[in-house]
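Down below is the structure, laid out as structure tokens.
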Amino acid sequence: MAQLLAVVGGGDLSTHAVLAAEALRKAAGRRNTPIALEIRGKGGSGNPLPDAVIAGAKAVLLVGEGDLGESRFGALHRARAAIKDVLTDVNAVFDRLSVGAEAPSPAPNAAAGPKRIVAITSCPTGIAHTFMAAEGIQAAAQALGHTVRVETQGSVGARDALTAAEIAAADIVLIAADTGVDRSRFAGKRVYATNTKAAIRDGKGLIATALAEAQMQAADVSQAQADGPARPAAAETKAGAYKHLMTGVSFMLPFVVAGGLLIALAFAVGGIDAMKPENAGTLGYALGEIGAKAAFALIVPALAGYIAYSIADRPGIAPGMIGGMLAANLQAGFLGGIAAGFIAGYTTRFLNKHIRLHKHLEGLKPVLILPLLATTITGLLMVYVVGVPVAAVLAALTDWLKGMQGASALLLGLVLGGMMAVDMGGPINKAAYASSAALLSSGVDAPMAAVMLGGMTPPLGIALATRLFPSRFTAPEREAGGAAAVLGAAFITEGAIPFAAADPLRVIPPMVAGSSIAGAVALTSGVTLKVPHGGLFVLPIPNAVTNVPGALIALAAGTLVTGLLVGLLKKRAA
């Protein structure tokens with residue numbers, strides 16, 4: 001008999017109600033959990049839940065608005081969700097229902113009553129998702145009566161850092177991060193880790209789940225990560241290679257930004273020949289040396305080192321960075337750096353797990369045994385196995401990208417620009433961004449232009465639509481349009497997320513179309529970008545962007561396409 005019930009009220013959104021019910025049915029099937037569903041329209045339900053089914057259930061999910069027949073369910077645990085929540089992230093909604101249905105027994109320190117929570121949020125760039133997740137946790141904790149302190153981490157470091165006293169007094173540590181987070185501070189505390197999306201979508205559900213499922217952080221952080229981090233197995237599986245790669249990208253970005261801007265300033269000060277040997281001793285030559293031969297030389301080692309760090313904690317940094325330096329020396333570039341990072345990380349973690357020493361000698365593992373063995377293995381694999389073929393692949397890719405024109409530039413621009421709008425900060429968006437940012441280390445700067453302009457288009461297009469078609473948006477949405485414009489100008493694609501979540505079928509396709517147009521126009525116009533962020537604010541920097549008029553035309557074209565399509569497809573707001 002079904003232990004879980006769901007009632008979906010469609011009202012005028014009958015098609016959406018059917019889609020939401022089907023999404024719940026599939027989610028239940030993937031979890032092998034019986035669920036009984038009822039869809040209700042204006043005239044009531046065509047498939048009412050039988051009394052016997054209701055009597056044997058443990059929880060009910062109420063989706064949508066209107067008369068859902070709630071009085072039938074007596075003392076059953078209830079969870080509520082909007083139809084758009086189900087269509088956007090059915091797993092998060094299902095988790096909310098399942099937690100109540102399973103009624104897990106409280107873990108230590110998880111009894112009822114206000115709790116003291118400390119949290120860390122982090123995303124690769126430390127800009128949008130980091131602070132949106134922090135706000136989600138803070139608002140949810142306040143609504144639930146808990147005390148919370150949130151530390152935000154990003155490329156610029158930690159803000160509002162947690163103190164030792166706050167950590168010691170906390171009942172639970174909540175980590176919502178898309179990158180690796182150092183947990184050595186949390187030894188002996190109950191820790192729950194997930195991604196930023198969970199905090200943004202459902203802060204209350206996340207806190208409830210964390211209080212029920214948090215696990216004790218081991219005192220030996222390296223050993224804890226080797227045996228399995230203090231997080232549910234499902235969460236670790238979801239993170240996987242993507243989280244490790246994003247950690248490397250997060251630490252790599254400051255090197256790319258600093259190096260790119262310094263090279264641009266070198267050309268601005270000393271002209272196009274500023275970095276030639278005959279100009280040694282000039283300010284332009286010095287700036288070029290700092291940017292090209294120092295900052296850019298560390299891009300691949302930083303990428304590899306912190307991928308390994310995410311996998312194996314601190315013992316993985318040295319093998320990863322050394323492997324990354326070998327990749328750079330072998331001309332394997334960022335592709336070789338990625339390979340080196342994963343080889344070093346998993347090698348270090350394997351050795352850490354399987355090498356057992358007397359307790360008095362355990363201190364030698366992180367400073368002597370692991371760095372020596374893991375570096376040797378990683379280095380030999382890079383020199384004799386990985387380096388040469390990866391270098392050949394990168395050389396071919398670089399030559400193709402530098403020589404692309406016509407149809408190839410158009411196609412690449414369409415793909416990269418569209419990827420930035422598909423999930424607005426999610427894995428597809430980050431894949432396009434990370435690969436384009438990494439290509440800067442190989443001197444390929446055209447893809448970065450397509451990515452940035454394509455990423456700016458969705459919020460700018462939405463802002464334009466709220467002005468051209470005000471009747472299609474509610475009053476709060478029209479007000480939010482101004483904020484979306486500012487975020488879009490700063491290359492924060494996530495500014496469009498609230499609008500996409502409210503009406504995904506009518507908003508996301510226009511965003512993808514506009515971003516694709518922006519990317520295609522940028523690449524076919526020969527626009528290049530030497531820095532991986534900044535939006536409109538990098539345009540005035542000399543030599544940071546080539547063909548500034550072309551960049552502005554691409555951005556205007558993409559914004560106009562998105563704005564017009566959103567206005568034409570959306571229905572009039574109630």
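Keep in mind that the numbers below use all heavy atoms, side chains included, and drop hydrogens, waters and symmetry copies.
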Euclidean distance, [Y] [atom2] relative to [X] [atom1], rounded to 0.5 Å:
{"X": "Leu464", "Y": "Leu468", "atom1": "CG", "atom2": "CG", "result": "4.0 Å"}
{"X": "Asp423", "Y": "Ile428", "atom1": "CG", "atom2": "CD1", "result": "4.5 Å"}
{"X": "Thr130", "Y": "Glu135", "atom1": "OG1", "atom2": "CD", "result": "11.0 Å"}
{"X": "Leu453", "Y": "Ser515", "atom1": "CG", "atom2": "OG", "result": "10.0 Å"}
{"X": "Met424", "Y": "Ile492", "atom1": "CE", "atom2": "CD1", "result": "14.5 Å"}
{"X": "Leu245", "Y": "Leu303", "atom1": "CG", "atom2": "CG", "result": "7.0 Å"}

Check whether any side-chain heavy atom of [X] sits under 4.5 Å from a side-chain heavy atom of [Y], and report yes or no.
{"X": "Leu62", "Y": "Val8", "result": "no"}
{"X": "Ile172", "Y": "Phe186", "result": "no"}
{"X": "Leu37", "Y": "Arg25", "result": "yes"}
{"X": "His244", "Y": "Tyr309", "result": "no"}
{"X": "Val507", "Y": "Ile462", "result": "yes"}
{"X": "Phe469", "Y": "Leu564", "result": "yes"}
{"X": "Met246", "Y": "Tyr306", "result": "no"}
{"X": "Ser122", "Y": "Glu151", "result": "no"}

Among Val173, Ile120, Val118, find the one that has a side-chain contact (heavy atoms from CB on, under 4.5 Å) with Arg185. Ile120

Here's a test for you: under side-chain contact (heavy atoms from CB on, under 4.5 Å), which of Asn195, Ile175, Val181, Ile137 qualifies with Thr121? Ile137

Check [X] against [Y] and note the closest heavy-atom contact, atom names and distance.
{"X": "Gly567", "Y": "Arg472", "answer": "O-NE, 3.0 Å"}
{"X": "Gly495", "Y": "Leu487", "answer": "CA-CD1, 3.5 Å"}
{"X": "Ile200", "Y": "Ala133", "answer": "CG1-N, 3.7 Å"}
{"X": "Ala119", "Y": "Leu162", "answer": "O-CD1, 3.9 Å"}
{"X": "Gly514", "Y": "Thr562", "answer": "CA-OG1, 3.2 Å"}
{"X": "Pro459", "Y": "Ala484", "answer": "CB-O, 3.3 Å"}

Examine distances only and state if a side-chain atom of [X] and a backbone atom of [Y] form a donor-acceptor pair shorter than 3.5 Å.
{"X": "Arg467", "Y": "Arg478", "result": "yes"}
{"X": "Arg116", "Y": "Ala169", "result": "yes"}
{"X": "Ser435", "Y": "Ala432", "result": "yes"}
{"X": "Thr466", "Y": "Ala463", "result": "yes"}
{"X": "Lys189", "Y": "Ala168", "result": "yes"}
{"X": "Gln142", "Y": "Ala139", "result": "no"}
{"X": "Glu477", "Y": "Thr474", "result": "yes"}
{"X": "Tyr433", "Y": "Pro532", "result": "yes"}

With a 4.0 Å cut-off on N to O distance, would you call Glu38 and Arg72 a salt bridge? yes

Quick test of your reading of the model: are Arg190 and Glu213 salt-bridged, counting only N-O distances below 4.0 Å? no

Could you give me the CA-CA distance, side-chain angles and deciding distance for Leu5 and Leu61, then say whether side chain to side chain contact (heavy atoms under 4.5 Å, CB included) is met? CA-CA 6 Å; Leu5 309 176; Leu61 174 65; over 6 Å; no

Would Leu206 and Thr194 satisfy side chain to side chain contact (heavy atoms under 4.5 Å, CB included), going step by step from the backbone distance to the final call? CA-CA 9 Å; Leu206 171 59; Thr194 184; 3.5 Å; yes

Evaluate Leu211 against Lys115 for side chain to side chain contact (heavy atoms under 4.5 Å, CB included), listing each step before the verdict. CA-CA 9 Å; Leu211 290 172; Lys115 298 297 176 186; 4.0 Å; yes

Using side chain to side chain contact (heavy atoms under 4.5 Å, CB included), reason through Met456 and Thr493 one step at a time and then give a plain yes or no. CA-CA 6 Å; Met456 294 167 65; Thr493 315; over 6 Å; no

Using the six-membered ring wherever Trp is involved, compare the ring planes of Phe473 and Phe499 and label them parallel, tilted or perpendicular (cut-offs 30° and 60°). perpendicular

